[in-house]
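The chain is numbered in sequence order, starting from 1.
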Amino acid sequence: MTGSALRVTLADAIVWAVETLRDASETPRLDAEVLLAHTLGWSRARVLSRLEEPFTDESLHQFRTLILRRAAREPVAYLVGRKEFYGLEFVVDRRVLVPRPETETLVDAALEWAKHRPAPLVIADIGTGSGCIAVALAVHLPQAHIYAIDLSRDALAVARQNVIRHHVDASVTLLNGDLLAPLPQPVDLLVSNPPYTVLNEVDPGVRMHEPHLALDGGSDGLAVYRRLFAAAPSALRPGGALMLEIGATQARAVVDLARQAFPEAVIRVRQDLAGRDRVVICFSD
Ligand SMILES: C[S@@+](CC[C@H](N)C(=O)[O-])C[C@H]1O[C@@H](n2cnc3c(N)ncnc32)[C@H](O)[C@@H]1O
């Protein structure tokens with residue numbers, strides 16, 4: 001997009017952006033509007049009500065830079081520095097996986113289980129990343145204590161911002177280390193959205209921009225589940241539960257691993273809003 005900035009309207013800029021994003025995004029118009037709103041510091045509604053207004057030179061340059069980064073498949077969430085999850089806004093950047101809507105299924109399952117349990121619960125979120133699961137649980141279960149663990153110190157720095165932003169620093173303890181190793185005590189509920197993809201099968205945009213430590217589940221995608229199931233039985237209190245997000249095709253394999261680790265447990269698979277298998281749940285004795 002070139003020419004005198006004074007003659008370029010917001011509508012012109014959106015047309016250019018949609019064309020530029022056509023091959024890089026499944027939602028070019030939405031991305032363009034969100035990035036335009038971010039550039040101007042406006043709401044999307046305000047952008048849409050003022051489409052005939054002209055750009056300033058500076059805003060036009062900023063918008064163009066964001067659109068070109070999006071055209072290189074950088075997630076919109078990194079470009080605007082935030083992502084909504086479970087009705088809460090999270091700070092995100094390239095140090096953490098962008099929270100996905102399907103992970104809300106895991107939070108739903110955990111909150112339903114917690115409803116029938118006497119407070120105060122002790123919970124661990126393994127591989128907390130941005131802290132989205134731990135913070136959502138802490139906001140909805142104010143009496144619980146939550147250990148949020150990650151191997152990545154960089155990710156924990158982002159999680160810390162989100163814990164503080166949502167005023168749950170008294171109930172969420174961030175711990176650095178490998179899977180369950182940093183846990184100081186057995187817990188009532190273990191939740192995790194572990195890395196579960198085969199890296200070279202991941203969407204190129206995701207692979208290019210999101211942390212490989214958050215994605216890489218080994219050659220069959222199951223490596224981290226195997227290690228979690230090896231450690232989980234001794235980390236759960238009697239009557240505790242384990243809830244793991246899975247990829248849509250992994251239910252059978254993860255349920256088999258769960259049966260080996262918890263032979264007496266009731267095991268369930270829960271679907272996400274799109275009807276795909278998304279969470280494996282073990283209710284231990
Ligand atoms: C799929 S991401 C999930 C992030 C966040 N919980 C969410 O749902 O958006 C997996 C997270 O596990 C962390 N991780 C990977 N291997 C780990 C390990 N061995 N121990 C602890 N955390 C690990 C990664 O750094 C990443 O933050």
Side-chain angles (χ1 to χ4, degrees), residues 75-78 80-93 95-152 154-176 179-180 182-183 187-196 210-211 214 228 236 240-247 268 270-274 276-283:
V76 172
Y78 290 166
V80 301
R82 58 182 191 274
K83 177 76 182 177
E84 192 185 308
F85 179 83
Y86 222 79
L88 302 165
E89 191 173 274
F90 287 84
V91 171
V92 294
D93 62 31
R95 292 174 290 179
V96 296
L97 189 89
V98 176
R100 307 295 205 264
E102 52 269 30
T103 302
E104 296 182 346
T105 310
L106 177 60
V107 176
D108 282 340
L111 292 179
E112 274 173 31
W113 180 85
K115 245 189 335 210
H116 306 292
R117 307 282 305 184
L121 292 171
V122 181
I123 299 173
D125 172 28
I126 311 301
T128 199
S130 62
C132 59
I133 298 170
V135 168
L137 293 178
V139 165
H140 289 274
L141 299 171
Q143 307 223 35
H145 192 82
I146 302 172
Y147 295 106
I149 297 172
D150 210 288
L151 190 57
S152 160
D154 279 349
L156 287 176
V158 177
R160 179 163 290 109
Q161 290 182 57
N162 287 315
V163 163
I164 291 168
R165 182 187 183 98
H166 293 291
H167 312 290
V168 290
D169 38 319
S171 54
V172 178
T173 303
L174 297 168
L175 298 170
N176 179 232
L179 298 184
L180 305 176
L183 264 188
V187 300
D188 301 292
L189 175 63
L190 277 172
V191 294
S192 183
N193 173 18
Y196 58 69
E210 301 198 53
L228 276 171
L236 277 182
L242 167 66
M243 301 186 183
L244 300 176
E245 178 165 325
I246 58 166
R268 299 256 185 275
R270 184 173 174 131
Q271 283 74 38
D272 62 22
L273 291 177
R276 291 174 299 221
D277 291 339
R278 190 55 66 193
V279 182
V280 168
I281 305 173
C282 304
F283 302 101

Contact summary for [X] and [Y], nearest pair of heavy atoms:
X	Y	value
L106	S192	CD2-O, 3.7 Å
F283	A241	CD2-CB, 4.3 Å
L97	Y78	CA-OH, 4.3 Å
A124	L183	CB-CD2, 3.8 Å
A109	I281	CB-CD1, 3.9 Å
V172	A134	CG2-O, 4.3 Å

With a 4.5 Å cut-off on side-chain heavy atoms, are [Y] and [X] touching?
X	Y	result
I149	T128	no
D188	V122	yes
I126	L180	yes
L121	L189	no

The criterion is salt bridge (Lys or Arg N to Asp or Glu O under 4.0 Å); which residues satisfy it with [X], sequence neighbours excluded?
X	value
D93	R95
R276	D272
E210	R100
D108	none

### Task
With sequence neighbours left out, write down each residue that passes side chain to side chain donor-acceptor pair (under 3.5 Å) with E84, or none if nothing qualifies.
none

### Query
With sequence neighbours excluded, what pairs up with D169 under the side chain to side chain donor-acceptor pair (under 3.5 Å) test?
none

Nearest-0.5 Å distance, [atom1] of residue [X] to [atom2] of residue [Y]:
X	Y	atom1	atom2	answer
E245	E104	CD	CD	10.5 Å
L151	N176	CG	CG	6.5 Å
C282	L244	SG	CG	6.5 Å

### Query
Near L273 CG, under 6.0 Å, is it more than 12 heavy atoms from other residues, nucleotides or ligands?
no

Identify each donor-acceptor pair in which a side-chain atom of residues 136-148 lies under 3.5 Å from a protein atom, sequence neighbours left out, and give them as a table.
{"from": "H145", "atom 1": "ND1", "to": "S171", "atom 2": "O", "distance (Å)": "3.3"}
{"from": "H145", "atom 1": "NE2", "to": "T173", "atom 2": "OG1", "distance (Å)": "2.6"}
{"from": "Y147", "atom 1": "OH", "to": "Q185", "atom 2": "OE1", "distance (Å)": "2.8"}

### Query
By side-chain contact (heavy atoms from CB on, under 4.5 Å), which residues pair with Q271, not counting sequence neighbours?
V269, D277

### Message
Could you walk me through whether V187 and I123 satisfy the side chain to side chain contact (heavy atoms under 4.5 Å, CB included) test, starting with their C-alpha distance in whole Å, then the side-chain angles of each, then the deciding distance to 0.1 Å, before giving a yes or no?
### Response
CA-CA 6 Å; V187 300; I123 299 173; 5.9 Å; no

Which side-chain N or O atoms in residues 156-165 pair as donor and acceptor under 3.5 Å with protein atoms at least two apart or in another chain?
{"from": "N162", "atom 1": "OD1", "to": "V91", "atom 2": "N", "distance (Å)": "2.7"}
{"from": "N162", "atom 1": "ND2", "to": "V91", "atom 2": "O", "distance (Å)": "3.0"}
{"from": "N162", "atom 1": "ND2", "to": "S130", "atom 2": "O", "distance (Å)": "2.9"}
{"from": "N162", "atom 1": "ND2", "to": "V158", "atom 2": "O", "distance (Å)": "3.4"}
{"from": "R165", "atom 1": "NE", "to": "E89", "atom 2": "O", "distance (Å)": "3.2"}
{"from": "R165", "atom 1": "NH2", "to": "E89", "atom 2": "OE2", "distance (Å)": "2.7"}

#### Entry: Contacts of F85 that satisfy ring pair (Phe, Tyr, Trp, His ring centres under 6.0 Å) - sequence neighbours left out
none

### Message
I'd like to know if the side chain of R278 and the backbone of I246 have a donor-acceptor N/O pair within less than 3.5 Å.
### Response
yes

### Message
Show me the pairs that pass salt bridge (Lys or Arg N to Asp or Glu O under 4.0 Å) and involve residues 128-150, at least two apart or across chains.
### Response
none

